[in-house]
Amino acid sequence: MTGPVADPVAVAGPDPDPDLERVAGLVRDVPDFPSPGILFRDITPVLADAEAFTAVTTELAALVGEADLVAGIEARGFLLGAAVAVVAGTGVIPIRKSGKLPRVAASRTYDLEYGTATLELPADTLRAGARVFLVDDVLATGGTAAASADLLREAGATVVGFGALLELTALNGRPRLGDVPVHALLTA
Ligand code: AMP
């Protein structure tokens, strides 16, 4: 978790999109969560709104392209990733926090603002050479997305893109993804 960033949530890109503008208005700012000084961007109201959830899912699914699998990052990335996979016509796999999976294909520990976190990939879900599109709710410093991409590559996959609902641009996470194309529907 990273912050505080008090910039308003807006639609990314130059073209006005009334559906996404409505989505932007549904993202809820929660100051001092999960710890003092953090401005948490809560996407729960977006997911709970049928039209907004459909708009977001449709937009992200259009970015999946030739990928044959979507990977969702724990935990809100599971909700978005699963919906995106159905619309895009792919399967979905979870990238999980440590200790949750019965069989692990690969594991990656990365630095957080304070301490470290570990992400794991389930065994027997990826064929070598699979093209994977990564999904999460928020791109902040990019550490989580970069660790997820590393995990997938370690397991023999190619990461063809990363899509988030919201990018916190001041935290400059994009370069952490290297040459993986990064897409965000909203910015703040
Ligand atoms: P990061 O690794 O810094 O890019 O953080 C990304 C992960 O942490 C995502 O899975 C987000 O769900 C979560 N996250 C980080 N900062 C925030 C924030 N300000 N509001 C909501 N979620 C956040």
Side-chain angles (χ1 to χ4, degrees), residues 1-12 23-49 52-53 56-57 60 63 70-85 92-101 106-122 132-154 159 161-188:
M1 299 297 158
T2 319
V5 183
D7 301 317
V9 177
V11 179
V23 171
L26 289 170
V27 177
R28 180 165 48 203
D29 288 353
V30 184
D32 299 319
F33 181 85
S35 49
I38 305 296
L39 180 63
F40 187 78
R41 308 287 189 160
D42 182 14
I43 69 152
T44 311
V46 176
L47 302 177
D49 182 292
F53 189 30
V56 163
T57 300
L60 288 174
L63 302 167
V70 168
I73 304 173
E74 186 159 352
R76 290 171 295 274
F78 296 168
L79 295 164
L80 284 174
V84 166
V92 64
I93 57 171
I95 294 182
R96 300 222 59 178
K97 293 176 179 164
S98 62
K100 306 282 189 185
L101 292 168
S107 173
R108 195 97 188 178
T109 297
Y110 65 105
D111 289 331
L112 295 173
E113 208 173 355
Y114 300 103
T116 62
T118 300
L119 291 173
E120 294 179 342
L121 197 64
V132 180
F133 186 80
L134 253 180
V135 173
D136 203 359
D137 64 333
V138 174
L139 176 66
T141 65
T144 304
S148 300
D150 286 345
L151 256 185
L152 289 163
R153 283 189 288 253
E154 192 181 321
V159 182
F162 170 84
L165 171 55
L166 174 62
E167 176 181 9
L168 305 179
T169 49
L171 297 173
N172 202 29
R174 219 167 246 263
R176 299 282 297 273
L177 271 298
D179 56 9
V180 174
V182 174
H183 311 272
L185 306 185
L186 307 175
T187 58

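First listed ligand is number 1; within each ligand, the first listed atom is number 1. FYI, side chains are in, hydrogens and waters are out, and symmetry mates aren't considered; it's all heavy atoms of this structure.
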Discussion item. Any nitrogen or oxygen of Ala140, side chain or backbone, less than 3.5 Å from one on ligand 1?
Written reply: yes
Discussion item. With the threshold set at under 4.0 angstrom, would you say Gly173 reaches ligand 1 through any of its heavy atoms?
Written reply: no
Worksheet entry | Any Leu171 heavy atom less than 4.0 Å to ligand 1 | no
Discussion item. Nearest 0.5 angstrom please: Leu151 CG to Ser107 OG, how far?
Written reply: 7.0 Å
Discussion item. Using a 4.0 Å cutoff against the non-hydrogen atoms of Asp137, which atoms of ligand 1 qualify?
Written reply: 9 (C), 10 (O), 11 (C), 12 (O)
Worksheet entry | Side-chain H-bond candidate by donor/acceptor type, Thr144 with Tyr110, under 3.5 Å | yes
Worksheet item: When only distance counts, is Arg76 in polar contact with ligand 1, meaning an N/O pair under 3.5 Å?
Response: yes
Discussion item. Could you tell me if the side chain of Glu167 sits less than 4.5 Å from the side chain of His183, heavy atoms only?
Written reply: no
Worksheet item: If you count the atoms of ligand 1 from 1 in the order shown, which ones are under 4.0 Å from a heavy atom of Thr141?
Response: 1 (P), 2 (O), 3 (O), 4 (O)
Item to complete: Using only heavy-atom distances, determine whether the side chains of Thr109 and Thr116 contain a donor-acceptor pair under 3.5 Å.
Response: no
Item to complete: Provide the number and element of each atom of ligand 1 under 4.0 Å from a heavy atom of Thr144.
Response: 1 (P), 2 (O), 5 (O), 6 (C), 7 (C)
Worksheet item: How about Leu139 and Leu166: do any of their side-chain heavy atoms sit closer than 4.5 Å?
Response: no
Practice prompt. Mark up the atoms of ligand 1 that fall under 4.0 Å of a heavy atom belonging to Leu168, in ascending order.
Written response: 19 (N)
Discussion item. So is Ile73 touching ligand 1 or not, going by heavy atoms under 4.0 Å?
Written reply: no
Fill in: Under-4.0 Å salt bridge between Lys100 and Glu120
no
